[in-house]
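These numbers come from the heavy atoms of this one structure, side chains and all, not from hydrogens, waters or symmetry mates. Residue numbers begin at 1 in each chain, while the letters A, B, ... track the order of the sequences.
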2 protein chains.
Amino acid sequence: MVSVPLYQAKAEMFRTLGHPVRIRVLELLQDGPKPVRDLLAEIDVEASNLSQQLAVLRRAGIVTSFRDGALVMYMLSTPDVADLLAAGRRILGAVLTDRDGLLVELRAQGSTS
Amino acid sequence: MVSVPLYQAKAEMFRTLGHPVRIRVLELLQDGPKPVRDLLAEIDVEASNLSQQLAVLRRAGIVTSFRDGALVMYMLSTPDVADLLAAGRRILGAVLTDRDGLLVELRAQGSTS
DNA sequence: GGCCGAGTTGCGGTTTTCTTCAAGTCAGAA
DNA sequence: TTCTGACTTGAAGAAAACCGCAACTCGGCC
């Protein structure tokens, strides 16, 4: 709470998303709350590793967890996360088509060879 | 192109944004192309460091650069980046108010109590 | 040509993050 | 109570990211 520059908080948030397992988790949680068990079944990673990644998301406040009997459920803490993922998808699309068009590369390169 | 899973490409993109200097650069570039010189004047970081961060953004295809006389100009490679930053801002807001409002914690208890 | 401002690149040392393994908690079944 | 499935936590080595310094390229100017 002690004056964390805004752009640093933002950077931390994005860095939190910067991991394949964490991205997958968020995508799966878009459809609603899910127990760890289900995530584990779909993600192909060790249980302890998944748990660590979930902890990262939890600490960042992006997901919330609660216990339901023997299971632990996770859910997005805000639906805005879906927007972020969608925006990411769009950029990825834009960037990749640019690449295929390889106009960017040429302009950036100068005249070697 | 050797089958980079989509969610990994996404993760890389978010990780690319996960750095204070890079976030600042993108925010500054939202207003249009700028020479490195101007970025340097506003960001308070060593020239070489800024250059490294710009290289990271360039490699990810998020920004493009071109030379204008003695200056090197940078610009967003797609305006979609602005959406991403905006979505990030929203989530940050939601997460922070959630923290204060502690509603999530309550909901987290499920059917007990 | 020689010089200078504008950027970039390569190289190390330091700091973070990632990943696995082992051990521990918690809730329900036997 | 003991066992078992479902998760989490802690620790430690490996991998990756960061940062400053020095050296280098590229244009424009004298």
Side chain to side chain contact (heavy atoms under 4.5 Å, CB included) test vs A:Leu76 passes for just one of A:Asp31, A:Thr64, A:Leu29, A:Val25, namely A:Leu29
Just how far, in rounded Å, is C1' of C:dT9 from CZ of B:Arg58? 10 Å
For a salt bridge (Lys or Arg N to Asp or Glu O under 4.0 Å) check, start with the C-alpha distance between B:Glu42 and B:Arg24, then their side-chain angles and the critical distance, and finish with the verdict. CA-CA 9 Å; B:Glu42 306 205 48; B:Arg24 296 222 62 196; 5.5 Å; no
What is the bend of the helix from C:dG1-D:dC30 to C:dA30-D:dT1 when you compare the axis at one end with the axis at the other, using five pairs each and rounding to 10°? 10°
What closest approach, in Å, do A:Ala11 and B:Pro20 show between heavy atoms, and which atom pair accounts for it? CB-N, 3.4 Å
Distance check needed: C:dT8 C1' versus B:Gln53 CD, whole Å only. 13 Å
In chain order, what residues pass the side-chain contact (heavy atoms from CB on, under 4.5 Å) check against A:Ala70, with sequence neighbours excluded? none
Over how many whole Å does the gap from B:Leu17 atom CG to D:dA17 atom P extend? 14 Å
Given D:dT8, D:dG10, D:dC19, the nucleotide with the shortest approach to the side chain of B:Gln52: D:dC19
Examine B:Ile62 and A:Tyr7 and state if one hydrophobic cluster contains both, with Ile, Leu, Val, Met, Phe, Trp and Tyr joined whenever side-chain heavy atoms are less than 4.5 Å apart. yes
Under 3.5 Å, sequence neighbours excluded: what are the donor-acceptor pairs made by side chains of residues 79-93 of chain A?
from, atom 1, to, atom 2, distance (Å)
A:Asp80, OD2, A:Thr78, OG1, 3.4
A:Asp83, OD2, B:Arg90, NH2, 3.2
A:Arg90, NH2, B:Asp83, OD2, 3.1

A:Ser65 side chain to A:Tyr74 backbone, donor-acceptor under 3.5 Å: no
Nearest-nucleotide wise, let me know which of A:Ser51 and A:Arg15 is further upstream toward the 5' end of DNA chain D. A:Ser51
I'd like to compare against my own output: the B/S/- annotation of nucleotides 25-30 of chain D with a strict under-4.0 Å heavy-atom distance to protein. --SS--
Applying a strict under-4.5 Å side-chain criterion to I, L, V, M, F, W and Y, I'd like to know whether A:Val21 and A:Val72 cluster together. yes
If the cut-off is 4.0 Å, is A:Tyr74 near the phosphate of D:dA6, judged by side-chain N/O to OP1 or OP2? no
Any donor and acceptor pair, going by atom type alone, linking the side chain of A:Thr16 with main-chain N or O of A:Leu57 inside 3.5 Å? no
Any idea which of D:dA6, D:dT8, C:dT8 is nearest the A:Leu71 side chain? D:dA6
Starting from C1' on C:dC18, measure out to CD on B:Glu12 and report it in whole angstrom. 15 Å
Phosphate OP1/OP2 of C:dT16 contacted by B:His19 side-chain N/O (<4.0 Å): no
So do B:Leu26 and B:Leu17 actually touch side chain to side chain, heavy atoms under 4.5 Å? yes
Atom CZ of A:Phe14 and atom P of C:dT17: how far apart are they, to the nearest Å? 17 Å
Protein-nucleotide distance (A:Phe66, atom CZ; D:dA6, atom P), rounded to Å: 17 Å
What's the CG-C1' distance between B:Leu57 and D:dA17, to the nearest Å? 14 Å
Name all residues meeting the side-chain hydrogen bond (donor to acceptor under 3.5 Å, both in side chains) criterion together with B:Gln53; count only those two or more places apart in sequence or in a different chain, and write none if there are none. B:Arg22, B:Asn49
Are side-chain heavy atoms of B:His19 and B:Ile23 found at a separation under 4.5 Å? no
Which residues in residues 21-50 of chain B have at least one heavy atom lying under 4.0 Å from any atom of DNA chain D? B:Arg22, B:Glu46, B:Ser48, B:Asn49
